[in-house]
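Atoms within a ligand are numbered from 1 in the order they appear, just like the ligands themselves.
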Amino acid sequence: MRFGLPRIAYVNGRMVPLGSAGVSIEDRGFQFADGVYEVCAVLNGTLLDWQPHLQRLARSLSELEIRPPMTPAAFGLVAQRVLRENRIRDGLLYVQVTRGAARRDHPFPAFTTPTLVMTARPFDFRQRVRQQSTGISVVTRPEIRWARRDIKSVALLPNVLAKQAAKRAGAFEAWFVAADGRVSEGGSTNAWIVTGDGSIVTHPADNDILAGVMRGTLIRLAHERQLKVEERVFTMAEARHAVEAFITSTTAPCLPVVAIDGRSVGEGRPGPVTTRLADMLWQEIARQTGWRP
Ligand SMILES: Cc1ncc(COP(=O)(O)O)c(C=O)c1O
C-alpha cells in the first residue's frame, strides 16, 4: 500500500474505511466462529485461481448450511472493486462469510442475513522466491483440531497456537501430527514429502485436511508432466527419512522444508524435485497473471 492511502473494506454491501468498518457484536462469527473464509492471491492485479477459491467457498458454506450471500459473479465484481479501491497490484484478498447476527443461541437462527466482509492488503511475493533458495524449517505440534478440517472455517485457534509455537521456535510453519504419527498438514499450508524413489506424497483431500487450492494446482501440473504423485497418509517417521519435503499455500506457493524439529531433511537444503515443482508453480502463476519476480 502506498503511504497515506486509507484501506477500504467491503461490509454487507458498503465500502467503508477499514478503521471504522465493523459488524454486530452478536455476529455468529464473533460469538461461535460460525463462518468461513478464503484468502486469494493477487498478482499483477489479477486474482490467482479465483474459480477454485469460489468453489471451495461455496462448498464450505454448503457444508455449514450457510446461505451464499451473493452469486459467484457478484462475488467477483465485489472482489474487483475491493482490489481497485485499495489499489492492489500484488496482494491478498480476504473474504469472510458468517451465518450473520442474531440473539446468542447455539442452533441456527430462523431468519438471518449472512455477513459478508472483504478486505485486501498488499503482499510481496518476491520474499517467497528468496525463501525458496534458502528453504524453511518446521516444528511439529500435536493434532488437536476438530474432525472437519476440510471446511475452511474461521475457527482457527489450534492453528493460531501452532503457528505461534513455530514462531517462538524460529520456524516458518508447524506441522500437525496425530498421536499415531500421521502428518496431516501445516497451520496454514499443506505438507508434502518426496520419497527415495522420487514420489511426491501428500495427505489425501479428505476430512482431515483443508484441500489447498495450491495443493490442487500442484497435483494438476505434476500429473501433466507425468510426475508420480501419491495422495496418501505419511508419518513423521517417513518424513524424517524423506529426501525432500515442502509446503504449499496461496501465500507461500511452494517452499522447501530443510529441517523438521531441528533435524535436517535430506541434505538440509532445497532439493531438485521441490525446486522443479516451485518453478512449475511460478510458471503457472505467470501464465494466469503475467507476474514475474
Ligand atoms: C489449514 C490449512 N491448510 C492448507 C492451506 C493451504 O490452502 P491454499 O493453498 O488454498 O492457500 C491453508 C491456507 O490457509 C490452511 O489454512
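Among Asn190, Asn159, Val39, Asp49, the residue whose heavy atom sits closest to atom 6 (C) of ligand 1 is Asn190. With atom 5 (C) of ligand 1 as the reference point, the heavy atom nearest to it among Ser249, Ser153, Gly187, Ser188 is part of Ser188.
Under a 4.0 Å N-O distance rule, the pair Arg220/Glu284 qualifies as a salt bridge.
Proximity of Leu255 to Arg128: side-chain heavy atoms (C-beta onward) are separated by under 4.5 Å at one or more points. Side-chain contact check for Ile88 versus Pro122: some heavy-atom pair is nearer than 4.5 Å.
In terms of polar-atom proximity, defined here as any N/O pair under 3.5 Å, Arg215 makes no such contact with ligand 1. Checking only distances, Val213 does come within under 3.5 Å of ligand 1, N or O to N or O. Annotation: Thr250 places an N or O atom under 3.5 Å from an N or O atom of ligand 1; distance criterion only. Not a single N or O atom of Gly212, backbone or side chain, sits closer than 3.5 Å to an N or O atom of ligand 1.
Between Ser184 and the choices His203, Glu143, Arg149, the side-chain hydrogen bond (donor to acceptor under 3.5 Å, both in side chains) rule is met once, by Glu143. Partner of Glu38 under the salt bridge (Lys or Arg N to Asp or Glu O under 4.0 Å) criterion, chosen from Arg59, Lys152, Arg56: Arg56.
Only the side chain of Glu185 comes within contact range of ligand 1, with a heavy atom under 4.0 Å; no backbone atom does. Contacts with ligand 1 closer than 4.0 Å are made by no heavy atom of Arg149, backbone or side chain.
Residue contacts with ligand 1 do not include Gly216, since none of its heavy atoms lies under 4.0 Å from the ligand. Using a 4.0 Å cutoff on heavy atoms, Tyr37 counts as a contact of ligand 1. Heavy-atom distances between Glu38 and ligand 1 stay at or above 4.0 Å for every pair.
Taking the six-membered ring for Trp and thresholds of 30 and 60 degrees, Trp192 and Phe246 have nearly parallel ring planes, at less than 30 degrees apart.
When each atom of ligand 1 is checked for a heavy atom of Gly186 under 4.0 Å away, the hits are 1 (C).
Between His53 atom NE2 and Phe75 atom CZ the span is 13.5 Å, to the nearest 0.5 Å. Considering CG of Asn44 and CD1 of Ile285, their distance stands at 11.5 Å, rounded to 0.5 Å.
Protein heavy atom at the shortest distance from atom 14 (O) of ligand 1 is Lys152 NZ, 2.9 Å. In terms of protein heavy atoms, atom 9 (O) of ligand 1 is closest to Met214 N, 3.0 Å.
Geometrically, Arg99 engages Phe108 in a cation-pi contact, judged by NZ or CZ lying under 6.0 Å from the ring centre and within 45° of the ring axis.
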